[in-house]
Number of protein chains: 2
Amino acid sequence: MTKASNTRHTILQKAFDLIYKKGYQTTSIDEIIATTEVTKGAFYYHFKTKDEMGIAIINEIVKPTMQDAFIFPLQNASSPLEEIYRMTESLLFDTPFLKLEYGCPASNLTQEMTPWNEAFAQALNELILEWQTTIEKAIQKEIENGTVRSDINPKQVAYFVMSSYWGIRNFGKAYNDTDCYHAYLKELKQYLDQLK
Amino acid sequence: MTKASNTRHTILQKAFDLIYKKGYQTTSIDEIIATTEVTKGAFYYHFKTKDEMGIAIINEIVKPTMQDAFIFPLQNASSPLEEIYRMTESLLFDTPFLKLEYGCPASNLTQEMTPWNEAFAQALNELILEWQTTIEKAIQKEIENGTVRSDINPKQVAYFVMSSYWGIRNFGKAYNDTDCYHAYLKELKQYLDQLK
DNA sequence: ATAAAAACATACTAGTTAGTATGTTTTAAA
DNA sequence: TTTAAAACATACTAACTAGTATGTTTTTAT
């Protein structure tokens, strides 16, 4: 990695941290360059606007991280249904960069930006769709294996799994307590088992 | 209603509309007083700070609306399980002040404010807890009636129902399309039926 | 080694923000 | 009808915002 591309990546990483904690709109460029110890000139050399940086965060930070955390593991899983549960549990409890009080980065950005920023909506849609498709295919695989009932609709299950995950992360934020995570996981297990 | 309390209520209502669409942080007081045609003097006579207005919106606008929309109907329902489905469907498709592209007001505010504003967190917690308790009691009632399996855990179901609702509203925002609502509702019905 | 481009640095600007200071008008009780 | 408080109006401020203008330094190809 060259020095310049390292600067760029540092900005994206530190900006992501701030935005994950505080939201996109309320994280100022002055704040970003203060914590990265990069000057404004450097910042605007790498990014034409704040929004361009925001999109880059989605594509270059959030997307690869998400792919490593739950796209690839699920694609390679021998028991996809079990993997969905295991992965959810791991995301809620063991993923170090995800914090109870800050929720899910993709969900946060969707909520904040999507209604009025087309470019953010586009970038986030690609992200979400990839996740969704992976879950759908995982369920489809189970059906073909005969390990999930044939009357189950993979698309519906994908929406249900993802929605409930997004929702429970918002609950975690609200209560700032992992109790709801435990209750959610128990019910998720029930739900997934009943698909068999 | 006196003229003064009418002014106050107008501010809260119009401010809610703006905040629901654009978020709390990015809705400025100047914008609120412009759309309400109220002066800054009037605004700051009724509310000491912007945050005080925000809390008032939760308690005086969001809370009563939510109680009318899904607390009271569920408390009085003869078939609570069916009512949960019917209500969710109605919230997604028929409730006029809720818009696909803007998500769920309570969820939006939770996501935006909770991590760093204690007063918002407190007000929203009360709101959410009331919703949660109502669903729990509804399931409990079904169990006592023998219309829901006795091994079902009402608390877990409440979390699952609410989380999935919050999540799917975020999906609606992301895709700006009701297709995901339809898929979600079908799966919600499956899930609820299986509790019987 | 040199020149040109890439990468970064500093100082500034115009617009916006929540909130205040200091008024005037309206309401309602005596 | 007077008077005091409630309700509102106007003009301002200090801090912050994204972005720019105009530089200097570093890197890289020749």
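In this text, all values refer to a predicted model and were calculated from it rather than measured experimentally. Residue numbers begin at 1 in each chain, while the letters A, B, ... track the order of the sequences.
Closest to the side chain of B/Lys40, out of C/dA9, D/dT17, D/dT10, is D/dT10. Among the nucleotides D/dG19, D/dC8, C/dT17, the one closest to any side-chain atom of B/Thr7 is D/dC8. Taking the side chain of A/Thr39 as heavy atoms from C-beta on, and the options C/dA9, C/dT17, D/dT17, the nearest nucleotide is C/dA9. The side chain of B/Lys50 lies closest to C/dA18 when the candidates are D/dT20, C/dA18, D/dA6. Side chain of A/Ala42, nearest nucleotide from C/dA9, D/dC8, C/dG19: C/dA9.
Checking the phosphate oxygens (OP1, OP2) of D/dC16, no side-chain nitrogen or oxygen of A/Ser28 falls inside 4.0 Å. For the pair B/Tyr44 and C/dG19, the criterion of a side-chain N or O lying under 4.0 Å from OP1 or OP2 is met. Between C/dA6 and A/His46, no contact under 4.0 Å exists linking OP1 or OP2 to a side-chain N or O.
For B/Ile29 and C/dG15, the CD1 to P distance is 21 Å, given to the nearest whole Å. As a whole-Å value, the separation of A/Asp51 CG from D/dT17 C1' is 14 Å. Distance CE (A/Met53) to P (D/dA18): 9 Å, rounded to an integer number of Å. B/Asp30 has its CG atom 8 Å from the C1' atom of C/dT16, to the nearest Å. Rounding to whole angstrom units, CG of residue B/Asn6 and P of C/dT26 are separated by 17 Å. One interatomic measurement links the two molecules: CZ of B/Phe43 to C1' of D/dT10, which rounds to 17 Å at whole-angstrom precision. With rounding to whole Å, A/Ile33 atom CD1 is found 14 Å from D/dT20 atom P. A straight line from CD of B/Glu31 to P of D/dT17 spans 18 Å, rounded to a whole angstrom.
Residue contacts for A/Thr27: at a heavy-atom cut-off of 4.0 Å it reaches the sugar-phosphate backbone alone, with no base atom in range.
Minimum interatomic distance between B/Pro154 and B/Ile143 (heavy atoms only, all atoms of both residues): CG-CD1, 3.9 Å.
A perpendicular orientation is assigned to the rings of A/Tyr159 and B/Tyr175, their planes being inclined by more than 60° (bins at 30° and 60°).
Side-chain polar atoms of B/Gln111 and A/Tyr102 form no donor-acceptor pair below 3.5 angstrom.
With respect to the salt-bridge test (charged N to carboxylate O, under 4.0 angstrom), the residues B/Lys21 and B/Glu101 do not qualify. Taking 4.0 Å as the cut-off between side-chain N and carboxylate O, A/Lys22 and A/Glu31 count as a salt-bridged pair.
Each of A/Gln25 and A/Gly41 has a nearest nucleotide on DNA chain D; the 5'-most of these lies closest to A/Gln25.
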